[in-house]
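Every heavy atom of this structure was used, including side-chain atoms; hydrogens, water molecules and symmetry mates were not.
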Amino acid sequence: MTGIRLLVAIAAAVASTTTSVSAFAPSPFSKRVSHHAPATSLRLSDENPLEGMSDERKSNLFQSLLRDLQIEGVPLLGCDANEVSTLNGAIWTTMAELGDNDEDQRACLVLEAIPTSALTAFAEDFTVLKTQARLMDYLPELRRFSISVLGKGLGPALLIETVARTDEEKTAASSQKSVESTFDNDNTVTALKSFIGRVVVGLEACPYTKSVDMSAVGLEQRGVTPGPVGYRYSPTTDACMTMSMFWNCICEMMSEPDANLSSIMLSLPGIGMGDSEEAHKRFAAVVELVGRYLCLFRGDGSFGLVHFHPVYDRSTIHPLQKPSYGHLPPTSWLRPILKMGGHGVEAEELSDDELALSNYQRRAPHTAINILRMSQVNAAAGAKSVVDLDLGDGTTEKASGITLYSRNTLRMAEMGKDALQTALDADIAMQN
């Protein structure tokens with residue numbers, strides 16, 4: 001592959017949408033600062049090796065580096081992404097394609113419409129991610145990758161490199177890949193719809209979802225148009241391909257009005273398969289990765305996430321005692337939430353095991369991510385939804401959804417574990 005204008009197919013497709021997003025500085029999505037990610041990109045060094053260099057000199061050196069890569073046979077992939085969504089789509093799709101090969105690989109993404117500072121933010125965060133054992137222990141496929149800004153910022157290009165898999169890694173990758181063919185799209189989606197109909201609609205876990213196919217119903221007076229739920233599916237067992245699929249969903253939602261696509265349910269049956277502790281940790285790591293890179297450029301100002309897994313357990317989700325993007329409130333907050341919601345007696349009398357049944361709100365037949373528009377989330381929550389929650393230990397935390405979480409917690413406790421698990425088992429059986 002030669003020439004810097006060779007398009008990455010997936011990036012070209014998603015970049016062709018007519019949706020426009022503001023520039024990357026200070027944020028391509030929103031000016032709102034989120035606690036989920038640093039307000040500014042993490043810098044590994046304050047030194048700027050390019051300081052004082054003329055633009056002409058930088059351009060000449062950049063073109064020289066590109067020519068050197070061409071001579072070495074490194075594919076130069078010109079990508080006309082000009083938004084956070086298409087940028088991430090291009091990066092993660094390229095990583096997924098490189099990672100599919102057992103041998104060492106290199107590719108250079110040339111992104112002429114993207115500020116170098118945005119590429120630097122991505123590359124530096126990925127470098128930091130690789131030092132975080134808590135996540136990397138369950139994202140082993142990412143260890144092969146190195147990402148850097150070409151020439152330390154001489155021009156808008158990312159160099160993505162992989163090392164060759166060991167024999168042990170080849171065996172593990174082959175085993176994982178073989179599992180993907182065992183999943184069935186129709187059966188998977190049918191099982192997920194059964195769960196949504198049973199819990200989200202039937203138990204009113206979300207009062208504005210009235211059927212498995214429509215969401216944001218009842219929010220018209222608050223300026224939100226109801227629309228269909230889009231069901232998307234990938235059998236992948238790979239974290240990079242999961243990220244690629246997720247960002248393609250984001251691009252799709254950005255290119256469609258609410259009336260055409262209200263939200264997306266993304267089924268990922270190959271991520272965190274099974275009901276073991278290790279399966280749950282894999283699920284937790286992958287969905288944290290999803291949220292991390294959405295929040296890196298403050299995308300949580302435009303989109304909300306809701307995560308599901310067959311053995312979902314909030315008490316093991318990081319951080320244990322603080323909010324975690326896309327997850328239920330910390331388990332230790334449930335009694336204070338019930339008290340604030342006017343259910344003081346239940347807050348005192350329900351056992352820990354009964355409170356833990358709240359997890360069944362998120363126990364779906366397979367890993368899934370609900371991608372919501374924040375306009376819907378904010379409208380549903382109301383203007384005064386954020387309150388100071390007294391945790392009973394002398395501290396308070398900002399919390400929202402008190403009424404909804406109280407109601408759902410009580411309903412799950414009332415149904416009991418046997419009934420909840422039996423219904424979940426029936427959903428799981430539909431996809432096998």
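For Ser358, the side chain to side chain contact (heavy atoms under 4.5 Å, CB included) partners at least two apart in sequence or on another chain are Leu328, Leu334, Gln361, Thr409. By the side chain to side chain contact (heavy atoms under 4.5 Å, CB included) test, Thr162 pairs with Leu98, Gln105, Arg144, Phe145, sequence neighbours left out. Residues meeting the side chain to side chain contact (heavy atoms under 4.5 Å, CB included) test with Thr225, sequence neighbours left out: Asp258, Ala259. Taking His309 as the reference, nothing meets the side chain to side chain donor-acceptor pair (under 3.5 Å) condition, with sequence neighbours excluded. Every side chain to side chain contact (heavy atoms under 4.5 Å, CB included) that Lys193 has, sequence neighbours left out, goes to Val189, Val212, Asp213, Tyr231.
Within a 6.0 Å radius of CD in Gln421, more than 12 heavy atoms belonging to other residues, nucleotides or ligands are found. Asn185 CG: more than 12 foreign heavy atoms inside a 6.0 Å radius. Around CD of Glu72, the count of heavy atoms belonging to other residues, nucleotides or ligands within 6.0 Å exceeds 12.
Nearest heavy-atom pair, Arg282 versus Ala239, reported as atom, atom and distance to 0.1 Å: NH2-N, 3.8 Å. Closest heavy-atom contact between Thr94 and Ala107: CG2-CB, 4.3 Å. Across Thr237 and Met273, no two heavy atoms sit closer than the pair CG2-CE, 4.3 Å. Taking both residues in full, the closest heavy atoms of Ser234 and Pro269 are given as O-CD, 3.4 Å, listed atom of the first, atom of the second, then distance. Nearest heavy atom pair, residue Glu103 against residue Lys170, reads OE2-NZ, 4.2 Å. The minimum heavy-atom distance between Leu76 and Leu66, with the atom names listed, is CD1-O, 3.6 Å.
The pair Glu256-Arg373 fails the salt-bridge criterion, with no side-chain N (NZ, NE, NH1 or NH2) lying under 4.0 Å from an Asp/Glu carboxylate O. Taking 4.0 Å as the cut-off between side-chain N and carboxylate O, Lys417 and Glu354 do not count as a salt-bridged pair. Under a 4.0 Å N-O distance rule, the pair Arg411/Glu204 qualifies as a salt bridge. Between Lys281 and Asp313, no side-chain nitrogen of the basic residue sits less than 4.0 Å from a carboxylate oxygen of the acidic one, so the salt-bridge criterion is not met. Salt-bridge check for Asp125 with Arg292: passed, with a basic side-chain N closer than 4.0 Å to an acidic carboxylate O.
Without hydrogens or angle criteria, Glu141 side chain to Gly99 main chain gives no donor-acceptor distance under 3.5 Å. The main-chain N or O of Ser178 is never found under 3.5 Å from a side-chain atom of Thr182 such that the two would form a donor-acceptor pair. Looking only at distances, a side-chain donor or acceptor of Asn359 sits under 3.5 Å from a matching main-chain atom of Arg314. Ser302 places no side-chain N or O within 3.5 Å of a backbone atom of Gly299 that could act as its donor or acceptor partner. Judged by distance alone, with hydrogens and angles left aside, the side-chain atoms of Arg106 form no donor-acceptor pair with the main-chain N or O of Glu161 at under 3.5 Å. Between the side chain of Thr188 and the backbone N or O of Asp184 there is at least one donor-acceptor pair closer than 3.5 Å.
A heavy-atom distance below 4.5 Å is found between the side chains of Asn88 and Phe297. Contact check for Asn260 versus Pro257: side-chain heavy atoms found under the 4.5 Å cut-off. Using a 4.5 Å cut-off on side-chain heavy atoms (C-beta onward), Ile264 and Leu372 make no contact. A 4.5 Å side-chain heavy-atom check between Arg232 and Phe246 finds every atom pair outside the cut-off. Counting only heavy atoms from C-beta outward, the side chains of Leu77 and Val110 never approach each other to under 4.5 Å. Between Val199 and Leu424 there is no side-chain heavy-atom pair separated by less than 4.5 Å.
For the residue pair Tyr312 / His327, a side-chain donor-acceptor distance below 3.5 Å is found, with atom types taken as modelled. No donor-acceptor contact under 3.5 angstrom links the side chains of Tyr325 and Glu288, judged on distance only. The closest side-chain donor-acceptor pair between Asn248 and Glu252, if any, does not fall under 3.5 angstrom. Using modelled atom types and a 3.5 Å distance limit, the side chains of Ser315 and Thr331 yield no donor-acceptor pair. In summary, the side chains of Gln321 and Ser332 do present a donor paired with an acceptor at a separation below 3.5 Å, with no hydrogens or angles considered. One side chain, Asp427 or Ser194, offers a donor N or O that lies under 3.5 Å from an acceptor on the other. Of the N and O atoms on the side chains of Thr236 and Asp238, not one donor lies less than 3.5 Å from an acceptor on the other residue. Looking at Ser263 and Gln376, their side chains never bring a donor and an acceptor atom within 3.5 Å of each other. Ser267 and His366 share a donor-acceptor pair across their side chains, judged by distance under 3.5 Å alone.
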- Message: Checking His307 against Phe283 for the side-chain contact (heavy atoms from CB on, under 4.5 Å) test, could you report, in this order, the C-alpha distance in whole Å, the side-chain angles of both residues, the deciding distance, and whether it holds?
- Response: CA-CA 9 Å; His307 302 308; Phe283 147 78; 4.0 Å; yes

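To the nearest 0.5 angstrom, Asp353 atom CG is 9.0 Å from Leu355 atom CG.
For residues 98-127, every residue pair satisfying the ring-ring contact (aromatic ring centres under 6.0 Å, His included) rule, not counting sequence neighbours, is listed here: Trp92-Phe122, Phe122-Tyr293.
Geometric assessment of Arg198 against the ring of Phe195 yields a negative cation-pi assignment under the 6.0 Å and 45° thresholds.
No option in Leu109, Leu142, Leu158 other than Leu158 meets the side chain to side chain contact (heavy atoms under 4.5 Å, CB included) test with Ile147.
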